[in-house]
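Have a look at the structure below, then the notes.
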Number of protein chains: 2
Amino acid sequence: MRSDLDEIPEHCTVEVAMEILGGRWKLAILRKLLDRTHRFGELMRAMHGVTQRMLTRQLRELEADGLVTRTVYREVPPKVEYSLTEAGRSLEKIVLLLDEWGEWYLDRARRPAHDQTGKSRG
Amino acid sequence: MRSDLDEIPEHCTVEVAMEILGGRWKLAILRKLLDRTHRFGELMRAMHGVTQRMLTRQLRELEADGLVTRTVYREVPPKVEYSLTEAGRSLEKIVLLLDEWGEWYLDRARRPAHDQTGKSRG
DNA sequence: CGGTATCCAATGCGATACTG
DNA sequence: CAGTATCGCATTGGATACCG
């Protein structure tokens, strides 16, 4: 799925971004990690609704795509920390804008739709 | 799919954005429409690889989400134009940033990986 | 604590054929 | 030209159980 990035033509590089960020929990993970490094369990609790399997898979994909670093501490009990790579951090602006937009959209969708032709946000 | 936006908790509004923008062709469509209004066939040719069915579906979803306007001209041969609503245009910055990021990422992934924090993908 | 393995449901998405 | 209908495969994601 992510192995044929080289074949994606120049005129749709947004798709490249979506290939990588399109997973259900990926943006939420990145947003969490923007604040600070998190342990697996912290992310688990923070995302509410994600399963272990899915969180693991999404984290592994982000790691494979070079956006997230996985650090294993061989102690008892085990401890694994996730943080952003430089590439991951390069998404900060986008992630925050998306978050902001989602909030705006939600708020807008909840209104009575009397003023929805005119947007009122910077 | 998009009907339960109200139940998405506050702490992950990025997910709201992804619910709406997550489709395979949606960002590419929005990027095209940022430039100007396009006819169905124009989009079809511009996206290279999309099927009529998928393009139709993605456009209808964008329309349902209030990001795209569909204008039908009852003439022969038929003509349908798609353009952005204000809500759609409010995504301009994000779409352009994503496009830019995808380009940067692609270029980075193609380099010899001498300076990459994350792993290279061949 | 932080995973894997296995099974299963939903749906995203593509191919093809047909239509006003 | 701009769709719709039908089919079917591949991927995504969830539930549950077990493991180092």
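Sequence lines set the chain letters: A, B, ... in the order given, protein chains first and strands last, and positions in each chain run from 1. The model shown is predicted, which means the values in this text are computed figures rather than measured ones.
In this structure, the helix from C:dC1-D:dG20 to C:dG20-D:dC1 shows an angle of 50° between the axis at its start and the axis at its end, each fitted on 5 base pairs and rounded to 10°.
One can place CD of A:Glu63 at 15 Å from P of C:dG2, the figure rounded to the nearest angstrom. Atom pair B:Lys79:NZ and D:dG3:C1' shows a separation of 17 Å (rounding to whole Å applied). We find that CD1 of B:Ile29 is positioned 11 Å from P of C:dC13, with the value rounded to whole Å. Atoms CG (B:Leu43) and C1' (D:dG3) sit 14 Å apart, rounded to a whole Å. One atom, CZ of A:Arg74, and another, C1' of C:dC1, lie 12 Å apart when rounded to the nearest Å. Rounding to whole angstrom units, CD of residue A:Glu75 and P of C:dC1 are separated by 13 Å. Computed from coordinates, the A:Arg24 CZ to D:dG13 P distance equals 8 Å when rounded to whole Å. Protein atom CD of B:Glu19 is 16 Å distant from nucleotide atom P of D:dT12, rounded to whole Å.
In this structure, the side chain of A:Thr85 engages the main chain of A:Gly66 through a donor-acceptor pair within 3.5 Å. Proximity of a side-chain donor or acceptor of B:Gln58 to a complementary backbone N or O of B:Leu55 within less than 3.5 Å is not detected. At distances below 3.5 Å, at least one donor-acceptor pair connects side-chain atoms of A:Arg89 with backbone N or O atoms of A:Leu84. Of the possible donor and acceptor atoms, one in the side chain of B:Thr13 sits under 3.5 Å from a partner among the backbone N and O of A:Asp99.
The shortest distance between the side-chain N/O atoms of A:Tyr82 and the OP1/OP2 oxygens of C:dG3 is below 4.0 Å. The phosphate of C:dC1 has neither OP1 nor OP2 within less than 4.0 Å of any side-chain N or O from A:Arg39. An OP1 or OP2 oxygen of C:dG3 is reached within less than 4.0 angstrom by a side-chain nitrogen or oxygen of A:Arg70.
Put simply, the side chain of A:Val16 does not reach to within 4.5 Å of the side chain of A:Glu19, judged on heavy atoms.
No continuous path of ILVMFWY side-chain contacts below 4.5 Å connects B:Tyr73 to B:Phe40, so the two sit in separate hydrophobic clusters.
Near DNA chain C, defined here as any heavy-atom distance below 4.0 Å, the residues from residues 50-59 of chain B are B:Thr51, B:Arg53, B:Met54, B:Arg57, B:Gln58, listed numerically.
Tested against B:Glu92 for a side chain to side chain contact (heavy atoms under 4.5 Å, CB included), the candidates B:Ile94, B:Val95, B:Leu96 yield a single pass: B:Leu96. Of the candidates A:Trp101, A:Tyr105, A:Trp104, B:Ser90 forms a side-chain hydrogen bond (donor to acceptor under 3.5 Å, both in side chains) with just one, namely A:Trp101.
Along DNA chain D, the nucleotide nearest A:Gly23 and the nucleotide nearest A:Pro78 are compared for position; the residue whose nucleotide lies closer to the 5' end is A:Gly23.
Atom CG of B:Leu33 sits about 10.0 Å away from atom CD of B:Glu42, to the nearest 0.5 Å.
Within the nucleic acid shown, B:Tyr73 has no heavy atom closer than 4.0 Å to any nucleic acid atom.
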